[in-house]
Q: 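Take a look at this one; I'll ask things after.
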Amino acid sequence: MRALINLLFFPGGLFLILLALAYEWADRKLLARFENRIGPRWFQTVADIVKLLVKEEITPATSHPILFGVLPVVAMTGALTAALYVPLLGMRPALSFNGDLIVTLYLLSLLTMAVGMAGWNSTSRFTMMGATRALTQLFSYEAPFMLALLGPAVVAQSWQINQIVANNRGVWLLLTQPFGFAVALIGLMGKLEMPPFDAPKAKTEIVAGALTEYSGRGLGLFHLGKGIELVVGLTLIAALYMGGIANPVEFFGKTLLLLVVLTSLHAILTRLRIDQTVGLWWRYGALVVLLQWLALIVWKGVTA
Amino acid sequence: MLVDIWSSFFKKPVTQRYPFERLEAPEQFRGRLVWDPSKCNGCCLCIKDCPANALELITIDKKAKQFVMRYHADRCTYCSQCVQSCRSECLRMAHDQWEPASLSRHDFVVDYGNEADIAHILEKYGTPSARATAAKTSE
Amino acid sequence: MSVQMSGMWAEVLEKVKTWARINSPWILHYNSGSCNGCDIEIVATITPRYDLERFGIKLQGSPRHADVLICTGPVTLQSRDRLKRIYEQMPDPKFVVAVGSCATSSGAFPGCYNVVGHVDEVIPVNAYIPGCPPRPEAIIDGIVKLLTSLQPPAPATAETHDAQSPAQAAAEAATNEGESA
Amino acid sequence: MSAEELLKKAESLLSGVGQGTTRPEPNRLDVVVPASDLVAAATALRGADWGYLSTLTGVDLGKDANEIEVLYHVCERDAVTTLRVRVPRAGGTVPSLHTVHPNAMLFERELIEMFGVTVTGLADTSHLFLPDGWPEGTYPLLKDTDVRAAAAKTTGSEPPEMGRHGDRFIVPVGPQHPALKEPGHFEFAVDGERVTGATVRLGYVHRGIERAAENQTYTQNLYLTERVCGICSHSHANAYVNGVEQLAKIPAPPRAQAIRQLVACLERIHSHLLWLGVAAYEAGFDTLLMYSWRDREIVMDILEQLTGNRVNYSANILGGVKYDVTAAIAPVIRRGLDKLEERAKHYLHVVTADTSFLSRAQGIGVTSKEEAASLEMLGPTLRAAGVARDVRIDAPYGSYKQFPVTMVLDSAGDLAARFKVRVLEMLESIRVIRVILDGLPEGTLSVKFPRRIPAGETISRFEAPRGELFYYLKSNGTDKPERVKIRTPTICNWIYVLTKAVGAQMADVPPLLASIDPCFSCNDRMIVVNRGGGDRRIWTRENPQRLAGAQTRR
């Protein structure tokens, strides 16, 4: 019974959704304050989601109806299950087994796959282009992002998240592996399609990318999935690179610090074209992370 | 750009909280038209020069210079040419009335003149009717 | 989800629905032949000085995501069908705001042949904002009036909440904005 | 070379072809040319690099004369040569000039659908302004056409074909699109991310202003022409008022001229700041939109305090100005300008040094100097490519002689250069406003202006923020004009955008569209079909001619 409560209410579903909405509100409010304007009210993101859920849902005729309805749910569940393995609020993750870091990364990119499928499924021009851009971007940042997150795992000699956190207690890997941290952070921006990597949902080119045809419930679920992915990504990077998370105060402090860094990058950079993002990732991202690994292996060899 | 965003982060937002703080429009602002029946001699120069057929003069008694001016606030383009053309200065644009929004079309027809004339006009003409000018399709 | 709930639950749900719709109206802007004076004033309401995001208003690109269609211009013959088509693509509940004297009643173009006249000959309009162009504050005033009109009319039993004058309702509709800013 | 020498040179060039030359005004030359050797005349002028075809005006001479007069206006700095061709009202034919001037193709289309004149040698003769369902055979600008009945008979416009075009994938950027503040329908044939073909269909903002202007009085037309375009409203009103004052030969008093130039410069600042924000927003840099529009509010407040409205200032009346620059408002303007100058310098730094911004602006849509000149483009887009052409300096009107403006030029010709030119023009406008405020001449604000204007015709050119604005006015002695022809600057830049769009990345097309600062409501016209075939077209010098000829609407 306690596990059920854990799963549905406290660190699991409802609380996580509210946390995701709070983080999204913090992001929008911060961006607004960067642009010298007031920004949304505290309950704004809750109102947005509730409005979307009660809105009429239109299924385009040319798309496969069942797939159209299921994909948002798949995206949402992908993000929610990824949250089970991550030390939210500094507490022990709900589930933990050897190798759960890889599973979390896979579940996080499940959402982008669902967005790509949704774009391909509703055959309007904008969604088709949005889907191709989302998937190209996925394949470009996925490898360097994964390598960057596996750096701390090598140092801690294990693939289990709370094991890594335990071994690296107090060691801020941010300092020892700075390149890995930078690539991980920018990879998270690519995953969340935050500008400068928001070509897949570029408002002025392809309206709303893969989600153009979605309205009401489907759009709400995709929106929530993105918010939860933001929280999970931030906790993951904070746990691995910033010396682990012991208590809620540390959790909020570190993740909000990362959020401020993300939002300020979002405010000052122009959106990159899709070929520029792929070029940036494969030419610089991969190279930097491999150099980081080389240094790691040499250092492991010396100390072993 | 980084210095820009952080300096504006610590500055107070420039947003003007409109419905709660209402700043006055400048003195020169061209808001809703106001007609002063006492000075009007019925020359209709303002109606001739209006580019949007927004003014109609209904004469009740020519000699006693008793008129009712029907002003269509929704057609008016707030260009103040009528104020410029009027030789007896009985038209002016109120600089403090600039919130004409409404949920129905019928709030926009304003009848100026003394109450007796307006009541007389309303029951005679009923709902506001557009002057059937050649160029304009009637309402 | 059309299960019939008992009276009290249904009312609470209805109240939450209206609350959400009032506090997060996403707008879609369409210029059906305007001289773009009103359009730059609409975009000006989103920039820092007037900042509509404090009411929860976001400019959306696709009709699917929008609740309120802000239409400017005297609907030229060429854009008449596109306006109808966009209106039909928007999911319910949807509202239309006609901004500018041209959208309200063909403003400065009565003599032009290629013009239908005013927007409500093509699609039903909920709020009119005359002006050439209306100031950004006047546009905000129009939108606030539209939002407060969505407030459920004070039911017969006065104990839920008393009949509010529009100005007071406008303050209450965005009242949280005061403390949180 | 002064106007006199230019006109003499033109006269000698056209001596063989013209049937009679007259000099109606000191800077204008009229040459009557038979339709048969019109192309020879145009080639003679163009061969000697004498000016560019500014526009082509059709005038219906009425039922009794039973003729239509077609005027080809070729402008070179402050001299204007007009080739006058008379054709019968029914079934008149005129040879096409698009092989000599690429833009002629668009003007001729307007002639075809507005007057019913047939143009030989033009490939694409489909509708330019009129809606798709407009009844065939009715020509709105002929005096006896019942336009109201024709408008009632107009059927709906058919939606774009949503299917695929054979092998190509069509991306419609429809009349409603976040990138477009105004309606226009673009269709880009795309394979992968690369654009292989581009078509544009505007006309969504065509309201029929030229016909409406013919049955309204001169005073009413003042406000009709001002609402052709909201952002450059003062430019339209000024061009119209200068024209009417030239017709009536009653110049406005010097103080009114100076105030008109002051408001024109303020409008240029507000229009360029607006464009800076929108163009950055198209490239995905929202923060610059927010900052530039926040600073734009300063100039909007000044305009509101000076003239009473933020956008349609209606500052002009025939023969003068409505509002005075009082001692109270002058310091307000100066304080606002100091803040604007400091912000403009900051934007100049951002536009030339911000690496992430330059990655989306440098090297996009590059235009060489000859290419821009051969395409006869206008405005800051042309000056960014290095061609020195600005009506305020070439043909100064009103008080521009007294308060001269220096021209801003750049040579790179790409998107970043256009940003730079427009920000520098803002700084230049701030400097000129300060000079005007210091030297504001004393005197009355307006003079008495008759209601009836004596018969005559005139040309009034004005430098709007987007380029040269061309007004042709003809009066017939009554209080209503006989003909008002408006040619707005954006129409001349469209061919450039479409040819540059072919081969560009899809993500670069919105910034490219925004780079010419298009004002659809200004030109509410244009359909150009540029299928571009499958191959990626390499842009060369003679492409404008070959391209113009190859326009076929399949």
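Within every chain, numbering begins at 1; the chains are lettered A, B, ... in the order of the sequence lines, protein sequences first and strands thereafter. Given the structure is predicted, the values throughout are model-derived calculations rather than measurements. Both backbone and side-chain heavy atoms feed into the values below; hydrogens, waters and symmetry mates do not.
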Q: Please classify the contact between C:R49 and chain B as side chain, backbone, both or neither, with a heavy-atom cut-off of under 4.5 Å.
A: both

Q: Looking at C:Y50 and C:A44, what are the two nearest heavy atoms and their distance?
A: CD1-O, 3.5 Å

Q: What residue in B:P13, B:A73, B:S104 has the most heavy-atom pairs under 4.5 Å with chain C?
A: B:S104

Q: Out of C:T47, C:I129, C:T104, which one racks up the most heavy-atom pairs below 4.5 Å with chain B?
A: C:T104

Q: Between OH of C:Y30 and OG of C:S79, what distance do you get to the nearest 0.5 Å?
A: 4.5 Å

Q: Once side-chain contact (heavy atoms from CB on, under 4.5 Å) is applied, do any residues pair with C:Q60, and if so which ones, sequence neighbours excluded?
A: C:W26, C:K58, C:H65

Q: What's the spacing between C:S32 OG and C:R82 CZ if we round to 0.5 Å?
A: 13.0 Å

Q: Would you mind telling me which of C:G131, C:G117, C:C102 has the largest number of heavy-atom pairs within less than 4.5 Å of chain B?
A: C:G131

Q: Between C:C132, C:P130, C:P133, which residue shows the highest count of heavy-atom pairs closer than 4.5 Å to chain B?
A: C:P130

Q: Quick check for you: among C:P136, C:P134, C:A138, C:G142, which has the greatest number of heavy-atom pairs under 4.5 Å with chain B?
A: C:A138

Q: Could you tell me which residues satisfy side-chain contact (heavy atoms from CB on, under 4.5 Å) with C:N126, sequence neighbours excluded, listed by chain and number?
A: C:F95, C:V96, C:L146

Q: Identify whether the distance between the nearest side-chain nitrogen and carboxylate oxygen of B:R22 and B:E24 falls below 4.0 Å.
A: yes

Q: Using non-hydrogen atoms only, which part of B:C76 is less than 4.5 Å away from chain C: side chain, backbone, both, or neither?
A: backbone

